[in-house]
Amino acid sequence: MSAEDTERPGPGDAAGPEGRNDAARQPGSEGAADEQPEPDRPQNAWSARRDLRDHSPRNIRIDADADFGGGLVGGDQHGVSGGRVAGDVIMGSKTEIFHLGGSGPAHSSGEVPASTLERLAPCFVVAEALFAELLRRLREERVLVLSGAHFTGRRTAALMLLHRLQVSPVRTLVRDTSPGALAGLLGGDGSSGNAARGYLLCDLTTRRDQPLREPHLLAARDRLARDDAYLVITVGPAAALEDIHAVAWEPPPADAVLAAHLRVLTDEESTAKVLALPPVTQFLARAHQVREVAAFAKLLERYLHGRADEAQVERFSLATLESQVQEWFEGRDDSGAYGVDGHPYGLDSAGDGSVHLRDKAFLVTLAAFDGGPYALTAELSDLLYAFLQKTQNPGIHPTVPVFGTHIGKRLQLARAEKYLADEHTEWGPVTQLKAAYLDERAPLVLLREVWTGHPSARPALVSWLQRLADDGRPLVRTRAASTVAVLAFTDLPSAMALVIEVWANAPRFRRRLVAANALALTHFLGTPNVPRILDSWCRGDEEGPAWVAIRAYALIGPERPGQALAALRGAVRKQYEAAHADESGEPGAPDGPLMAELADSVSLLLLSDAGDQVLTELLAHLDDDRAVRDLTLGGFLGACAHTEDDERCGRPLLLGWYARAATDGGGAPGIAALWRRALGDRAFTRPALDVLRDWVLIADRDQATEWALAALLPDLVTTATEHQRVSHLLRTMPGEDGAPPPPAAGRLLSVLVHAH
């Protein structure tokens, strides 16, 4: 991407979190750019479409060959998993809600029934070597700390360690036990001489100013040794520990857990039968938690006995994802949990699994920037966090802590992953550390939940999106558009009124471009009525919405070229009707951003996979009137100027189309006809000759281009005037930068003379 392709922010731009001025840094000042707009120009349609293709998220994919289509597979379907479940994923209209069984921490002290331990033992899955090592450490040290994320089976593992040691009874301790009081809770409870020999403290609550320290464990070990007892403590990844070596607990493989539960609920034969079902293999292919796998096993048992149908089995995976997202966003929004009450940064830093406001901002941002650079996601999540703080408590000044949890723990708690991959930039591919949800459906489900399930978050979310639209980075602007596309699919009227129409009516082209991309991506997701919106805006009197509609039609037009070109013809006629008449009484040719945009849209449509249909449509209406003729020829010459990879000396795309069509009987005659009309039209002769000159210079470097041009030139000289015009160009054209005439010009002239 060339530097001039990307619109640069002016001195007053609110161009992202880094800010160009102090006003732009403050949440709520997002309107500053509109109050005093800097002069700007629109990014050309070709490079803007390339940015949209390069930076769109994986679940709204745009095909790389100028063929636009959503979906995760191919480019011919919309939404998630090929379009079949897009409506269910985003709208949630058919999804059955499954209430997952409680596998979280105990919230009060008490004895664990022996029957519970016996029931859990057959379903417990673990690598024996690992479990043997944990048992050895527990026997020797009497205290073991297991660290892991929620719902990874760490509580069950703790109980099974105590069960394998055959200690009885086992007593649970309350999670909000202070580390200093831990040792005092071990031993007889004062009401019974039967002291516990096993203790479980699940999800110990820690604070930065009150961490669990080694002396606490040493004191507990002394009390346990006196009673020949053992203690297992489970903590979250972000727990505050000091001088303690916690054992990292990883969840066992989902297929092994499911098989173990099914064997307990059914038998070996039924287990093998169920595990081979396609919905089951699809479920196991996703990153599901242990509790979800256990609940799935119970559903499969009901399915085997005819108490559940196949549709319930197929929907279970999506239902658990929706339940997870709902868990993330329900409960407290304790924005004071950072640096005020002492809780460390982390999704479950309070020990109860609640998600703090800053983490909710990160989850939303990760949904918007799924598969994007982690550093960028973290940066923009803090911007959203500031807006959310302002919504939650307008009286405080938003603050963002500078340092937080390690990236690995943060992504683990968000059920996401990190990886290295190339990112497209204006300087070429750059390898960056990226982050993405493990389940590709999560971004759509999460954004739907936030937008429709928590309307109080809308003001902050809208302000955040406005800031993203002003950002100088194409990736950020594209993800702002894709986020709004998901919101529009979920609730089109609100997204239009609160975001898209605001962008469309903005004086800055940058925001108009994001509006056009948002509408195009909304259409790719399968949202109805987008073409109706574009048609209305094309016919309207407002320049901003008209510009947006014209740019959007360049993106969605390949799937409906007739409708797109009809709308563009109507728009160009409207521009000519409004133009002032010249001295001869004829209306003058209008000029301005809309005319340039109309021609660019025709160019992009010509170079799309629907090029043959577009070419036929253009030729059919070429002589309708002057406005349409000018639009057609201007768009055609614009298409001629584009080259492979948009390189200055790359092979001309339209010339390549002509060469292919000349051998298979395609649109070669139509291309030649438009070339002759452009060369013979007084208004387009000079631009057409300039393009032809560029093609000759490229042919001088590329033999394939020279052959294609040699095949085309004879079709351009059907009259003496046409021959004189083209031959004069070839005889007189200089080389680049004052160099001698290119040798290719002489060779092409010989071809032309011979053909004539």
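Both backbone and side-chain heavy atoms feed into the values below; hydrogens, waters and symmetry mates do not. Here the structure is a predicted model, which is why all the values come from computation and not from measurement.
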**OP:** Could you give me the CA-CA distance, side-chain angles and deciding distance for D623 and R629, then say whether salt bridge (charged side-chain N to carboxylate O under 4.0 Å, His left out) is met?
**Re:** CA-CA 6 Å; D623 293 315; R629 183 176 68 251; 5.3 Å; no

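- Atom NE2 of H642 is separated from atom OG of S47 by 9.0 Å, given to the nearest 0.5 angstrom.
- Taking 4.5 Å as the limit, some side-chain heavy atom of L674 sits within range of a side-chain heavy atom of L619.
- When only modelled atom types and interatomic distance are considered, Y576 and D630 share a side-chain donor-acceptor pair under 3.5 Å.
- Residues forming a salt bridge (charged side-chain N to carboxylate O under 4.0 Å, His left out) with D600 (at least two apart in sequence, or on another chain): none.
- Contact check for H424 versus L475: no side-chain heavy atoms found under the 4.5 Å cut-off.
- A heavy-atom distance below 4.5 Å is not found between the side chains of V572 and L568.
- Counting only distance, with no hydrogens or angles, the side chain of E722 and the backbone of T718 share a donor-acceptor pair below 3.5 Å.
- Under the 3.5 Å distance criterion, the side-chain polar atoms of R510 are matched with a main-chain donor or acceptor of D470.
- Using a distance-only test at 3.5 Å, with no hydrogens or angles considered, a donor-acceptor pair links the side chain of S727 to the main chain of Q724.
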Can you give each donor-acceptor pair under 3.5 Å made by side-chain atoms of residues 683-698, sequence neighbours left out, with the distance rounded to 0.1 Å?
| unit_1 | atom_1 | unit_2 | atom_2 | d |
| --- | --- | --- | --- | --- |
| T685 | OG1 | L679 | O | 2.8 |
| T685 | OG1 | D681 | O | 2.8 |
| D690 | OD1 | R693 | NH1 | 2.9 |
| W695 | NE1 | C640 | O | 3.0 |

**OP:** Quick one: do R573 and D625 satisfy salt bridge (charged side-chain N to carboxylate O under 4.0 Å, His left out)? Show the steps, please.
**Re:** CA-CA 9 Å; R573 288 183 180 118; D625 51 54; 2.7 Å; yes

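- In plain terms, the two heavy atoms of L461 and W451 that are nearest each other are CD2-CE3, 3.7 Å.
- Remark: R539 is not positioned above the aromatic ring of W537, lacking an NZ or CZ atom under 6.0 angstrom from the ring centre and at most 45 degrees off the axis.
- Counting all heavy atoms, side chain and backbone alike, V614 lies closest to P561 at CG2-CB, 3.8 Å.
- Of all heavy-atom pairs spanning A368 and R479, the tightest one is O-NH1, 3.1 Å.
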Original post:
Does the side chain to side chain contact (heavy atoms under 4.5 Å, CB included) test come out yes or no for L447 and F489, once each step is laid out?
Top reply: CA-CA 11 Å; L447 292 173; F489 188 96; over 6 Å; no

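- The structure places CD1 of I671 at 8.5 Å from CG of L606, a figure rounded to the nearest 0.5 Å.
- To the nearest 0.5 Å, atom CG of residue N59 and atom OG of residue S482 are 8.0 Å apart.
- Side-chain N/O atoms of R458 and S494 include a donor and acceptor closer than 3.5 Å.
- Remark: side-chain polar atoms of T527 are not paired, donor with acceptor, to backbone N or O of H523 under 3.5 angstrom.
- Counting only heavy atoms from C-beta outward, the side chains of T643 and L653 never approach each other to under 4.5 Å.
- Atom CD of E559 is separated from atom OG of S608 by 10.5 Å, given to the nearest 0.5 angstrom.
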Original post:
Please walk me through it: do L534 and I556 pass side chain to side chain contact (heavy atoms under 4.5 Å, CB included)?
Top reply: CA-CA 10 Å; L534 300 184; I556 73 169; 3.5 Å; yes

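- Two residues are said to be in side-chain contact when any heavy atoms from C-beta on lie closer than 4.5 Å; L468 and T483 fail this criterion.
- G557 approaches A564 most closely through the heavy-atom pair CA-CB, 3.7 Å.
- In this structure, NZ in K574 is found 12.5 Å from CG in L598, a value given to the nearest 0.5 Å.
- Judged purely by atom type and a 3.5 angstrom limit, S603 uses its side chain to pair as donor or acceptor with the backbone of A639.
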Can you give me every donor-acceptor pair (side chain of residues 542-551, partner residue at least two apart or in another chain, under 3.5 Å) with its distance?
| unit_1 | atom_1 | unit_2 | atom_2 | d |
| --- | --- | --- | --- | --- |
| W547 | NE1 | E597 | OE1 | 3.3 |
| R551 | NE | E597 | OE2 | 2.3 |
| R551 | NH2 | Q43 | O | 2.8 |
| R551 | NH2 | E597 | OE1 | 3.1 |
| R551 | NH2 | E597 | OE2 | 3.1 |

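- Remark: side-chain polar atoms of R448 are not paired, donor with acceptor, to backbone N or O of T490 under 3.5 angstrom.
- With contacts defined as side-chain heavy-atom distances shorter than 4.5 Å, the pair L521/L555 does not qualify.
- When side chains are defined from C-beta on, I60 counts as touching P57, because their heavy atoms get closer than 4.5 Å.
- Separating the CG atom in L618 from the CG atom in L631 is a distance of 7.5 Å, to the nearest 0.5 Å.
- Among R473, R50, R477, E423, the one residue that satisfies the side chain to side chain donor-acceptor pair (under 3.5 Å) test with H55 is E423.
- Looking only at distances, a side-chain donor or acceptor of D700 sits under 3.5 Å from a matching main-chain atom of A744.
- Considering all non-hydrogen atoms of both residues, Y553 and A567 come closest at CE1-CB, 3.4 Å.
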Subject >> Steps toward side chain to side chain contact (heavy atoms under 4.5 Å, CB included) verdict (R677, L633) >> reply: CA-CA 8 Å; R677 292 296 296 270; L633 297 180; 4.0 Å; yes

Original post:
Passes side chain to side chain contact (heavy atoms under 4.5 Å, CB included), L465 versus L487? Steps please.
Top reply: CA-CA 11 Å; L465 289 167; L487 305 184; 4.0 Å; yes

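- Closest heavy-atom contact between A485 and T522: CA-OG1, 3.2 Å.
- The side-chain heavy atoms of W657 and D612, taken from C-beta on, include a pair separated by under 4.5 Å.
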